[in-house]
Number of protein chains: 2
Amino acid sequence: MATGRPGGRVRLQDVADLAGVSMKTVSNVVHDYEHVSDQMRRRVQTAIDELGYRPNLTARRLATGRTGMLALAIPELDQPYFAEIARHIGEEAGRRGYRIIVEQTLSDVEAERAVIRDREEGLVDGVIFHPARIDTLEIARLRPDTPLVLLGEAARPLTTDHVMIDNVRAAREGTERLLQAGRRRIAFLATVRTDITESTRLRLIGHQEALVAAGIPLDPAFVIESDGFDMADGVRALEEALARGIEPQAVLCRDDLFALAAMRALSNAGLRVPDDVSVLGWDDTALARFGTPPLSSISPDKRAIAATALDLLEDRMKGYDGIGRHRIAPHTIEDRGTIA
Amino acid sequence: MATGRPGGRVRLQDVADLAGVSMKTVSNVVHDYEHVSDQMRRRVQTAIDELGYRPNLTARRLATGRTGMLALAIPELDQPYFAEIARHIGEEAGRRGYRIIVEQTLSDVEAERAVIRDREEGLVDGVIFHPARIDTLEIARLRPDTPLVLLGEAARPLTTDHVMIDNVRAAREGTERLLQAGRRRIAFLATVRTDITESTRLRLIGHQEALVAAGIPLDPAFVIESDGFDMADGVRALEEALARGIEPQAVLCRDDLFALAAMRALSNAGLRVPDDVSVLGWDDTALARFGTPPLSSISPDKRAIAATALDLLEDRMKGYDGIGRHRIAPHTIEDRGTIA
DNA sequence: GTGAAAGCGCTAACAG
DNA sequence: CTGTTAGCGCTTTCAC
């Protein structure tokens, strides 16, 4: 394991010297190049083992131009939905020979700009980005020269590849399930006052479409408003709505955290789920799966989202330069008993 | 925004050419070097903006030997505890000017070996690694030449820096709290048959220390065994224990997921928390915070863990080469009402 | 089949 | 204060 070069790492040249061959030959062995005599291969391999040689990846990159790394930029690593997406993207990327560098934007506008502007220059071969704040126009304008695929609903420039689920349809189907369970007075938890997000908007639209289709008049009192995205905000919002006298038979929630908020508010009000009120969450995260009772939840196919994003990105990295493609990933409704 | 070099990226040399100066001068401007005349600075900056120049990070690395990146290797990105650790380490690293590349080992032995052997060669300046499978001996043997800090209890070679909480003490304190609440028959959920982990072992020891100190005889029936780490395993384990006739007044759980399992098993058995049985979780993850009722949980200070790990790692990266230092991060007991 | 040499784009020592 | 130049370690033509 002694290097011979005090302080320094073992380089390709050192191996070549020890084996008495040129760098090219060593390189051939390292890369399993076919036309190398068995004897040569063994000799070089011995030298490699003896010195404990490992190729320097940074140098390889500079020479090849490829980095083998992808950036995944998401708002927060510890929000269950993003953690699960990150896991799947990490797994799928690993399968395809890429490694992931994770960028937490913390929903900060500047951090998001940096992601598509220059933060990844020469560092990664491509970027998968779930924006929260930045909008369609700005992404189109900053148009990075690194291949980019967008996730989520926040921004969907025509020029950029995109993967998401059909939020309107999923919401419609969710509401239909609640209707089928005999619920008529269905609340939506919640639109967020400070920050009406696109995904909330789409989900609300789908929800209302289903109501209209069922001939149920839209009642604004059933579209609950929350002050923020925290669980406490959701609890308070629903409690206030109940206090104002609405008597929902079901609550469709914009995410699982709000579904948990609904559970708590209903529990506080002495209402039972699903006997008195149905609850349907969204995202199908650990939060929904592991509570008591486990929550029914609208479930984006996260594996499919990951695989599709990688597909699109690989096309771009291979040079595809056409217009942005928008892919819809499938979703299901996981019924764990809080619907009916 | 036109580069002038069809197909290629804009390089330092291109900027120098356009500005009519040398590369060194451009470099000085890029690095905000002090001794540059204002006029020069402006001239160069104009050229930079005009060409849209961004330094190639890979090349910079090769030249400096520093990568500015750290690897974080954890079993699974979507396990709440690890997701939260990853978030804090990401934030803390960002504050210190590093970026994080995340390695999911999925608790695979080979993947773990790769992490400390060669996976990161020349790619990162240091590695923070939470091993699951690999042991102390092997880490000492593979001794990487990249600075390394270990997290968790699985492996603690004397030669390697390490951060963890005092599991024995935390468990003892947790059990003491349950005793103070008047509980005497306290079950431990659970040891895992297939894979007795070091952290479970330490937690069980602390638990039993507290019982002995309180003069309560140890009853093996209260140390529950589970077939695996899944929630379903935990539920089944506790249900079987209840069926065998134990009547615990409290359950100390090795993690929050098992605490949720306890909640479900107890609920299935018609027992109320905390009126009939107290439940205390471990890790203080979103799972504990957001359920109904919210769970009391032993809470490792994840921010402190992240900061300490970075401190140790930075020392190593600056050349510190002494013996391994073992740091204990603080913990608290978050009582959300399921103890008393 | 194998070797020599020219980069990849940037930094840093050393002149000037 | 600014310019020149020699690497960082690897890949990759192009000869031999």
Side-chain angles (χ1 to χ4, degrees), chain A residues 3-5 7-45 47-48 51-68 118 120-125 145, chain B residues 3-5 7-45 47-48 51-68 118 120-125 145:
Chain A
T3 70
R5 300 177 56 247
R9 283 253 324 267
V10 178
R11 298 158 312 166
L12 195 57
Q13 182 66 65
D14 301 324
V15 178
D17 289 350
L18 180 64
V21 300
S22 81
M23 288 173 61
K24 173 63 174 150
T25 304
V26 179
S27 177
N28 282 344
V29 172
V30 170
H31 288 107
D32 270 335
Y33 190 60
E34 332 184 48
H35 306 293
V36 183
S37 71
D38 255 24
Q39 183 202 354
M40 187 85 281
R41 189 182 298 280
R42 245 190 308 278
R43 177 141 63 104
V44 171
Q45 189 58 51
I48 288 178
L51 295 176
Y53 169 71
R54 312 269 174 220
N56 179 319
L57 300 182
T58 303
R60 178 176 291 172
R61 260 169 214 185
L62 184 52
T64 59
R66 279 192 74 255
T67 75
D118 57 13
E120 324 296 340
E121 291 299 319
L123 232 191
V124 297
D125 298 330
D145 34 35
Chain B
T3 70
R5 300 177 56 247
R9 281 255 321 268
V10 178
R11 297 158 315 165
L12 195 58
Q13 182 66 65
D14 301 324
V15 178
D17 289 350
L18 179 64
V21 299
S22 80
M23 287 174 63
K24 174 64 175 153
T25 303
V26 179
S27 176
N28 282 344
V29 172
V30 169
H31 289 108
D32 267 335
Y33 190 59
E34 332 183 49
H35 307 293
V36 183
S37 71
D38 257 23
Q39 182 201 355
M40 187 86 282
R41 190 182 298 280
R42 244 191 307 279
R43 178 140 64 101
V44 172
Q45 190 58 52
I48 288 177
L51 295 176
Y53 169 73
R54 310 274 173 218
N56 179 320
L57 301 183
T58 302
R60 177 177 292 173
R61 262 166 210 189
L62 220 216
T64 59
R66 280 193 73 257
T67 74
D118 57 14
E120 325 296 340
E121 291 299 319
L123 232 191
V124 296
D125 299 328
D145 34 35

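Naming convention: chains lettered A, B, ... in sequence-line order (proteins, then strands); numbering from 1 in each chain.
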Closer than 3.5 angstrom, by distance alone: can the side chain of B:S27 be matched with the main-chain N or O of B:M23 as a donor-acceptor pair?
no
Is there a donor-acceptor contact under 3.5 Å from the side chain of A:T67 to the main chain of A:L123?
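Flag set: sc A:T67 to bb A:L123 pair under 3.5 Å.
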Within the pair A:S27 and D:dG9, is there a side-chain N or O less than 4.0 Å away from OP1 or OP2?
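Answer is no, no contact under 4.0 Å.
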Once you round it to whole Å, what is the distance between [atom2] of [N] and [atom1] of [X]?
X     : N      : atom1 : atom2 : result
A:D38 : C:dG1  : CG    : P     : 12 Å
A:L62 : D:dG7  : CG    : C1'   : 12 Å
B:L57 : C:dT11 : CG    : P     : 9 Å
A:L51 : D:dG9  : CG    : P     : 14 Å
A:N56 : C:dG9  : CG    : C1'   : 15 Å
A:R61 : C:dC10 : CZ    : P     : 16 Å
A:R66 : D:dG9  : CZ    : P     : 22 Å

Could you check whether B:R41 pairs with B:D32 (Lys NZ or Arg NE/NH1/NH2 to Asp/Glu carboxylate O, under 4.0 Å)?
yes
By nearest heavy atom, map A:N28 and A:M23 onto DNA chain C; which one lands nearer the 5' end?
A:N28
Of all the choices, [options], which nucleotide is nearest to the side chain of [X] once you look at every atom?
X     : options                : result
B:Y53 : C:dG3, C:dC10, C:dA12  : C:dC10
B:M40 : C:dC8, D:dC10, D:dT2   : D:dT2
A:R60 : D:dT11, C:dG3, C:dC10  : D:dT11
B:R11 : D:dT11, C:dC10, D:dT2  : C:dC10
B:H31 : C:dT11, D:dT4, D:dC10  : C:dT11
B:A59 : C:dC10, D:dT13, D:dC10 : C:dC10
B:T25 : D:dT12, C:dA12, D:dT2  : D:dT2
B:V36 : C:dA4, D:dT11, D:dT2   : D:dT2
B:K24 : D:dC10, C:dA4, D:dT4   : D:dT4

What's the spacing between B:R60 CZ and A:L62 CG if we round to 0.5 Å?
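The distance works out to 13.0 Å.
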Straight-line distance of A:Q13 CD to A:Y53 OH, nearest 0.5 Å
10.5 Å
Report which part of the nucleic acid B:S37 touches: base, sugar-phosphate, or nothing (heavy-atom distance under 4.0 Å, all strands).
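The residue B:S37 makes sugar-phosphate contact but no base contact.
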Name the residue closer to the 5' end of DNA chain D, choosing between B:S22 and B:A63 according to the nucleotide with the nearest heavy atom.
B:S22
